[in-house]
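All values below were derived from every heavy atom in this structure, side-chain atoms included, with hydrogens, water molecules and symmetry-related copies excluded. Letters A, B, ... mirror the listed sequences (proteins, then strands); counts begin at 1.
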2 protein chains.
Amino acid sequence: MAKLDESLLTGLPPFSMLNRAQIREILDHAVSRRYDEGTTIFHEGAEAERFFLLLDGYLRVVRTTPGGDQIIVLHISPGQLFGIAPALQRDTYPATSIAAAESIALSWPVSLWPDFTAKYPGFATESYKTLGQRLGQIQETLTEMATQAVEKRVASAVLRMANQSGIKTENGIEIAFPVTRQNISDMTGTTLHTVSRLLSAWQKDGIVESTRKHIVVTDPHRLVILSGAQD
Amino acid sequence: MAKLDESLLTGLPPFSMLNRAQIREILDHAVSRRYDEGTTIFHEGAEAERFFLLLDGYLRVVRTTPGGDQIIVLHISPGQLFGIAPALQRDTYPATSIAAAESIALSWPVSLWPDFTAKYPGFATESYKTLGQRLGQIQETLTEMATQAVEKRVASAVLRMANQSGIKTENGIEIAFPVTRQNISDMTGTTLHTVSRLLSAWQKDGIVESTRKHIVVTDPHRLVILSGAQD
DNA sequence: ACCCGACGTTGCTCTGAAACAAACTCCTGA
DNA sequence: TCAGGAGTTTGTTTCAGAGCAACGTCGGGT
């Protein structure tokens with residue numbers, strides 16, 4: 001395996017306050033791996049052996065019920081840590097991570113976690129900040145799920161993806177990774193049928209444009225209104 | 001204010017590996033306060049000035065939508081830390097805490113958090129473990145909310161409360177704090193009407209007994225079946 | 001002792017969205 | 001080049017549960 005370049009980590013929040021030598025040292029313990037779209041990186045409940053940093057691509061973090069239904073808890077974007085069970089003293093992953101697009105991630109054995117946090121205090125700080133944001137996010141999703149009607153939930157979900165990964169195109173904001181109607185229904189606790197209908201309706205109204213696995217938000221403002229967000 | 005007794009903290013997970021002198025020191029910085037039922041301890045979004053330990057009573061942790069709907073994210077039982085925003089590098093509380101029953105809590109200024117975690121490593125460890133469990137719990141609630149029908153959700157919610165706070169009586173397991181139908185509907189994203197109907201039906205079937213604000217689960221096993229839990 | 005407000009029950013109506021069903025379209029790989 | 005599967009669309013039916021309404025009841029405060 002080629003030696004990893006230091007510029008990979010420079011500027012990423014978890015490593016922002018480290019110097020070149022420290023980054024070098026961290027990288028020397030890392031394993032880099034590519035995941036095809038749809039690949040599972042680790043399973044809910046599995047022994048947490050490594051923790052990860054997403055370099056490129058997007059992930060879906062998924063939970064499955066005993067009954068087999070699943071929901072997408074959140075998405076991970078490049079530059080974010082994930083699978084950091086050790087930060088919470090867990091020895092097992094609390095959810096499954098799946099590559100939503102072809103992705104590249106670094107990983108380290110959990111045994112290095114204590115060293116990392118001890119040696120590089122900023123690293124721990126940033127990890128916990130990430131966790132805090134994620135906790136807040138999930139609470140918000142939960143609240144929304146419990147109180148909002150389907151159309152609002154779907155609108156928020158699309159907006160969330162657009163905000164997190166959106167790239168500007170001439171037509172609007174495009175979600176950077178493949179999303180199926182089924183995926184959106186798994187984010188919102190509805191059916192793909194309903195999502196399909198909503199997306200068709202929005203397309204007719206000029207709010208979004210979509211092809212298979214691919215969504216462009218052409219009129220974000222109206223989608224925000226649909227999502228019912230308060231100013 | 002009377003000097004706090006060391007036995008208050010002895011044996012509680014966050015302090016389990018501390019010696020008498022350390023506990024003394026921690027207590028000397030603590031403020032103890034009583035909260036009447038219904039009192040708000042802190043508000044979502046408020047400046048996180050203190051972190052807390054619940055000594056006695058029960059709390060509801062609540063999130064409110066811009067539209068005014070609210071849902072109960074989780075309950076806190078005696079011995080648990082709460083409002084530990086500093087652990088996640090947050091300077092604001094992510095949810096509101098309300099006394100579900102008359103409660104007593106200790107609290108410390110957030111400025112002491114770094115000292116605490118530095119001086120007493122076990123304290124940090126336990127805090128993060130708590131957070132990890134809570135994150136897992138919320139993810140589970142979210143999944144359930146998105147995939148399960150109302151009856152199952154209500155059954156799980158009642159069971160969760162019974163497990164967390166249940167005290168055995170001659171008739172069954174009694175939830176240790178006051179709960180209204182509205183409260184349960186706020187945990188499950190339904191209406192108090194539906195909860196009332198379900199509880200009445202279950203009572204008729206001999207699964208629960210309930211009076212105002214007061215629920216006894218007389219047949220936990222059948223409730224588990226209703227909740228749809230897998231073995 | 002009484003009144004008022006909070007809490008609970010129950011009946012009825014109505015609708016949002018799930019469930020069921022059937023095609024259609026695109027893409028992939030043999 | 002064609003077959004098959006994955007993803008999408010659209011129509012129709014069905015029903016759980018929200019919404020509305022009205023009443024019953026408990027308990028705490030003056």
Any donor-acceptor N or O pair under 3.5 Å, side chains B:T130, B:Q133: no
B:E37 CD - D:dG28 P separation (whole Å): 11 Å
Parallel, tilted or perpendicular: ring planes of A:F82 versus A:F52, cut at 30 and 60 degrees: parallel
Residue pair B:L198 / B:T190, side-chain heavy-atom distance below 4.5 Å: no
Distance, rounded to the nearest Å, where B:Q148 contributes CD and D:dG17 contributes P: 11 Å
Between C:dG16 (P) and A:R153 (CZ): distance, integer Å: 14 Å
With sequence neighbours excluded, residues passing ring-ring contact (aromatic ring centres under 6.0 Å, His included) with A:Y35: none
Gap between atoms NZ and C1', on B:K213 and D:dC26 respectively (whole Å): 12 Å
Atom-pair distance (CZ on A:R181; P on D:dT10), nearest Å: 10 Å
B:D5 and B:S7 side chains, donor-acceptor separation under 3.5 Å: yes
A:T65-B:Q148 side chain donor-acceptor pair, cut-off 3.5 Å: no
Between D:dT8 (P) and A:E209 (CD): distance, integer Å: 16 Å
Set of ring-ring contact (aromatic ring centres under 6.0 Å, His included) partners for B:H75, sequence neighbours left out: B:F177
Any residue of residues 189-202 of chain B with a heavy atom less than 4.0 Å from an atom of DNA chain C: B:H193, B:S196, B:R197, B:S200
Contact pattern, 5' to 3', of nucleotides 24-30 of chain C - B, S or - by protein heavy atom under 4.0 Å: -BB----
Heavy-atom side-chain contact between B:T96 and B:Q70 under 4.5 Å: no
Among D:dG7, C:dC7, D:dG17, the one nearest B:A149 by side-chain distance: D:dG17
Under the 3.5 Å Watson-Crick or G-U criterion, the dot-bracket string of DNA chain D, with | for inter-strand pairs: ||||||||||||||||||||||||||||||
Whole-Å distance separating the NZ atom of B:K152 from the P atom of D:dA16: 14 Å
Contact summary for A:E44 and A:V62, nearest pair of heavy atoms: OE1-O, 4.1 Å
Salt bridge (Lys or Arg N to Asp or Glu O under 4.0 Å) contacts in which one or both residues fall within residues 205-230 of chain A, not counting sequence neighbours: A:E37-A:K213, A:D219-A:R222
Atom-pair distance (CD on B:Q182; C1' on D:dA18), nearest Å: 13 Å
A:E140 atom CD, over 12 foreign heavy atoms within 6.0 Å: no
